[in-house]
Amino acid sequence: MTQPYVGRFAPSPTGPLHFGSLIAAVASYLEARTARGRWLLRIEDVDRPRAVAGAEDAILRTLDRFGFEWDGPVLRQSERDDVYEAALDALRRDGWVFDCACTRREIADSSLGRDGAPRYPGTCRTGLPAGRAARTVRLRTEPGQVLCFDDQVLGRLCEDVWREVGDFVLKRADGLFAYQLAVVVDDAASGVTDVVRGADLVDSTCRQLWLQRCLGLPEPRYAHLPVGTNREGAKLSKQTWAPALDDEQPGPALHAALDLLGQSPPAAMAGWPTTGIWAWAMAHWRLSEVPRLRSLVVPGTFCEAEV
Ligand code: GLU
């Protein structure tokens with residue numbers, strides 16, 4: 001018997017939902033529902049300083065107005081420090097993590113990995129330099145371990161995490177747990193079988209696979225969707241002034257999201273009530289139609305707030 005499908009949507013409450021996040025919400029929802037699976041909602045507020053007051057409420061309200069129905073209670077990362085600490089303890093017991101004294105500036109001169117970030121040169125792997133205090137906790141990576149996964153949209157992807165990234169941070173200098181640890185621990189704790197999210201996170205996936213191995217956790221399937229960008233190629237975000245979705249007008253945004261996801265929705269859909277839109281979408285959804293691209297330009301109205 002195959003395992004029942006569990007999917008999730010995991011927005012960060014750094015602002016209201018915009019069209020870029022809607023793409024991930026729509027695709028993860030339709031994948032879960034057409035597989036008769038569960039669809040969980042997780043608020044990724046592990047990075048407390050980036051969380052914006054009121055953003056979580058706004059996100060939940062928008063999802064509700066857009067007709068999304070999530071299963072079970074909403075999980076909040078800010079309430080799960082003890083779970084992340086327990087995972088870190090387990091890794092420490094097994095010798096997978098080490099304390100690191102390096103500052104960002106000390107690592108800045110190191111060679112750059114594929115994502116443009118400096119690769120950790122291994123300074124504290126064998127112990128803290130004399131007189132230096134621990135700032136972060138890092139996970140050991142191993143030379144010669146090329147990790148691969150079969151992305152359901154992008155195809156087979158591989159990375160030598162040791163060569164491209166090096167030992168990476170699980171607990172930050174400000175005492176907060178890193179996204180990589182939280183996401184892996186949470187997906188496993190919730191029994192997530194399928195991760196459907198934006199391709200801006202595809203370069204994190206092999207780090208997450210490595211962490212799953214070190215923690216002895218199962219590996220979910222992955223599907224990375226094209227990330228919505230403006231005409232200049234910048235990812236839609238608060239920084240690029242992506243406007244909040246209009247709670248009063250779900251139709252045009254859902255139509256545009258399905259269109260961008262390659263589903264060829266009828267033009268008239270923009271004027272339909274959400275029940276009709278979801279009925280059409282459930283009947284027609286095909287992950288195989290999603291463009292095999294890491295990014296796609298989004299229609300102007302969803303890109304830039306009017307000034
Ligand atoms: N919280 C991340 C975001 O809002 C998503 C993380 C994930 O899906 O793994 O971009």
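We're numbering straight along the sequence, starting at 1. Every number for a ligand or one of its atoms is a count from 1 in the order of the listing.
Screening Trp285, Phe66, Tyr5, Trp278 for a ring-ring contact (aromatic ring centres under 6.0 Å, His included) involving Tyr29 leaves a single residue, Trp278. Tested against Arg8 for a salt bridge (charged side-chain N to carboxylate O under 4.0 Å, His left out), the candidates Asp187, Asp186, Asp71 yield a single pass: Asp187.
Tyr179 counts as a contact of ligand 1, since one of its heavy atoms falls under 4.0 Å from the ligand.
Close approach of ligand 1 to Arg197 (heavy-atom distance below 4.0 Å) involves ligand atoms 7 (C), 8 (O), 9 (O). The atoms of ligand 1 that sit less than 4.0 Å from any heavy atom of Val183 are 9 (O).
The single protein non-hydrogen atom nearest to atom 5 (C) of ligand 1 is Ala10 O, 3.3 Å, given as residue, atom name and distance. What sits closest to atom 3 (C) of ligand 1 on the protein, heavy atoms only, is Ser12 OG, 3.6 Å. Atom 7 (C) of ligand 1 has as its closest protein heavy atom Arg8 NH1, 3.3 Å. Scanning the protein for heavy atoms near atom 10 (O) of ligand 1, the closest one is Leu201 CD1, 4.1 Å.
The CG atom of Leu258 sits 12.5 Å away from atom CD of Glu289, with the distance rounded to the nearest 0.5 Å. Taken to the nearest 0.5 Å, the CZ atom of Arg135 stands 10.5 Å off from the SG atom of Cys124.
Across Gln180, Arg42, Glu44, heavy-atom proximity to atom 2 (C) of ligand 1 is greatest for Glu44.
When the side chains of ILVMFWY residues are joined at heavy-atom separations under 4.5 Å, either directly or via intervening members, Val290 and Trp280 end up in a single hydrophobic cluster.
On the SG-SG cut-off of under 2.5 Å, Cys206 and Cys158 do not qualify.
Under 4.0 Å from ligand 1, not a single heavy atom of Asp200 appears.
Here the side chain of Lys238 pairs a donor or acceptor atom with the backbone of Thr14 at under 3.5 angstrom.
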